[in-house]
There are 2 protein chains.
Amino acid sequence: MAQSDTVDRILDAAEELFAERGFSETSLRMITSKAKVNLAAVNYHFGSKNALIHAVFGRFLTPFSATLENAFDELEARCKGTPPTLNQTLWALTESAVRMPQRNEKGISIFMRLLGLAYTQSQGHLRKFLEQEYSQPFSRFMRLLKEATPQLSAVDRYWRIQFMLGATAFTMSSSDALQDILRNKLGVETTVQEIAARLVPFLAAGMQAQDALLVPPAPDKMPVA
Amino acid sequence: MAQSDTVDRILDAAEELFAERGFSETSLRMITSKAKVNLAAVNYHFGSKNALIHAVFGRFLTPFSATLENAFDELEARCKGTPPTLNQTLWALTESAVRMPQRNEKGISIFMRLLGLAYTQSQGHLRKFLEQEYSQPFSRFMRLLKEATPQLSAVDRYWRIQFMLGATAFTMSSSDALQDILRNKLGVETTVQEIAARLVPFLAAGMQAQDALLVPPAPDKMPVA
DNA sequence: GTCTGTTTGAAACATACGTTTGAAGCACAT
DNA sequence: ATGTGCTTCAAACGTATGTTTCAAACAGAC
């Protein structure tokens, strides 16, 4: 055939294995044997393991960032001048993520975990790649957040964005395991959409919490309320 | 001498390198050369690399869990019957962490990052070790959380605890990188104490947010506020 | 069919890893 | 001083990694 499916098989296998085990802990041999292709195929088609990692992210992130830009366009058009609220902005983001065409039922969960790993594992090349490649939708989201929380100082906002990112990446990345626990302990079924529906109010409330104290209280005098 | 300092030199070096680079990405040769000891010393004193990892955690976590139990004891004594509030519980935790005797100025920051990595990197042996060794203070913290948020359904509380854990683990696990960014972009210096002081109100507010909708709104009708 | 450019295949490459070995070094009690 | 128990050391072991090589297989154009 004119263009084999080797490339996609590698990407599928790599995406899943990276999400399960992390980047350093996943070898090219695991990937190629799961994908049922020759070991050399990775270096032939992608050039290196790092380039493969970039390709895995690119395959999801490029269409996603287009979807996200559209969602932001529509949101800003609907608001005509007045900046969108925090809830609207967060919903635009999560809706875009959830509505992405998914390769399989675990699609979004896998990718959230990959994003979390990208920030967590000290893969300098990945951070650099993501920041260079997708700086535009990222900055736009940041701008919307800033306009939606004008009461926050830049430093407060910076940290709270990290908190939001952490809560989201961590939860989504382990949502399979968490859903299992929940099903066994409380007998409840949960979808990714429902998790998002619980997450957004949590994030919005945290984001809009009263200003933090700049310094923790004296150790011998913890606040009583 | 009766007992050399080789063991501590290894632990110091390992702790720092693990925090900087992760577990898989740190080799025994990096550790022993930073500690200026022979390569074989790790396997001689600890048995294996995994056992070394456990020892690094044990050196901090064992005294910490004692400190934490005391803090909880004192808190419950001070509250005489009525359950401690959410803020009190969270503060007891962070205060215990911050007040731990630190080997160097980066002590607590390094350790927070290690804890984050423990959850993030899929190191099965580490998770198992931590859960077995420190289940008591963990369950106690969970019980306090439950008593401090009686208004939440079990399912809501479950998810929001995951959100808190995620925000904390993620932020702390990348706190070095985040502090760097902040220093370069806004010229601000930050201590772990300050991060904790910002994190606690965020978590408390999120935890006590109004009940989430059980189902997200129809995709074509995002909420306007 | 024959040529041409691309893709696959099995094997090897060099390097790095965690671990093991066995001799040497050392402090200390006898 | 001599033996003893622990510790250090240089060197090697076996295995796994990312990458390279080069011949074979393949598809499409002429």
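Throughout, a chain's letter reflects where its sequence line sits, starting with A, and its residues are numbered from 1. Keep in mind that this is a model prediction, so the values were computed, not measured.
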Using whole Å, what does the distance between atom [atom2] of nucleotide [N] and atom [atom1] of [X] come to?
X       : N      : atom1 : atom2 : value
B:Asn43 : C:dG18 : CG    : P     : 9 Å
A:Phe18 : D:dG18 : CZ    : P     : 9 Å
A:Tyr44 : D:dC22 : OH    : P     : 16 Å
B:Asp5  : C:dC26 : CG    : P     : 16 Å
B:Ile10 : C:dG18 : CD1   : P     : 13 Å
B:Arg9  : D:dT8  : CZ    : C1'   : 12 Å
A:Leu28 : D:dT17 : CG    : P     : 9 Å
B:Glu25 : C:dG18 : CD    : P     : 11 Å

Worksheet item: Between C:dT19, D:dG18, C:dT8, which nucleotide has the shortest distance from any of its atoms to the side chain of B:Lys49?
Response: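 So the side chain of B:Lys49 is nearest to C:dT19.
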Please list, chain by chain and in numerical order, all residues satisfying side chain to side chain donor-acceptor pair (under 3.5 Å) with [X], sequence neighbours excluded.
X        : value
B:Arg9   : B:Asp5
B:Thr149 : B:Arg157
A:Asp73  : A:Arg140

Worksheet item: Charged N to carboxylate O under 4.0 angstrom, A:Glu16 versus A:Arg21?
Response: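 Judged by the 4.0 Å cut-off on N to carboxylate O distance, A:Glu16 and A:Arg21 do not form a salt bridge.
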Discussion item. Using the rule given for side-chain hydrogen bond (donor to acceptor under 3.5 Å, both in side chains), can you reason through A:Ser24 versus B:Glu25, listing the C-alpha separation, both sets of side-chain angles and the distance that settles it, and then say yes or no?
Written reply: CA-CA 7 Å; A:Ser24 313; B:Glu25 296 84 352; 2.8 Å; yes
Which donor-acceptor pairs under 3.5 Å do the side chains of residues 129-139 of chain A make with protein atoms, sequence neighbours left out?
unit_1, atom_1, unit_2, atom_2, d
A:Tyr134, OH, A:Thr62, OG1, 2.8
A:Gln136, NE2, A:Glu69, OE2, 3.1
A:Ser139, OG, A:Ser135, O, 2.4

Phosphate OP1/OP2 of [N] contacted by [X] side-chain N/O (<4.0 Å):
X       : N      : result
B:Thr6  : D:dT8  : yes
B:His45 : D:dC6  : no
B:Ser48 : C:dG18 : no

Fill in: Estimated bend of the helix from C:dG1-D:dC30 to C:dT30-D:dA1 (axis per five terminal pairs, rounded to 10 degrees)
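Overall, the helix from C:dG1-D:dC30 to C:dT30-D:dA1 bends by 20° from one end axis to the other.
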Item to complete: For A:Arg29, check salt bridge (charged side-chain N to carboxylate O under 4.0 Å, His left out) against everything at least two apart and list the hits.
Response: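 If we apply the salt bridge (charged side-chain N to carboxylate O under 4.0 Å, His left out) test to A:Arg29, skipping adjacent residues, there are no hits.
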Discussion item. Just to verify, what does B:Lys146 make a salt bridge (charged side-chain N to carboxylate O under 4.0 Å, His left out) with, not counting sequence neighbours?
Written reply: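 None.
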Worksheet entry | Touch class at under 4.0 angstrom, heavy-atom based, for B:Thr32 against every strand present |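 Nothing, no nucleic acid heavy atom in range.
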Discussion item. According to side chain to side chain contact (heavy atoms under 4.5 Å, CB included), who are the partners of A:Ala19, at least two apart in sequence or on a separate chain?
Written reply: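 So A:Ala19 forms a side chain to side chain contact (heavy atoms under 4.5 Å, CB included) with A:Ile110, A:Arg113, A:Leu114.
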Give me, pair by pair, the N or O atoms of the protein and of nucleotides 10-16 of chain C that are less than 3.5 Å apart, along with how far apart they are.
unit_1, atom_1, unit_2, atom_2, d
C:dA10, N7, A:Asn38, ND2, 3.4

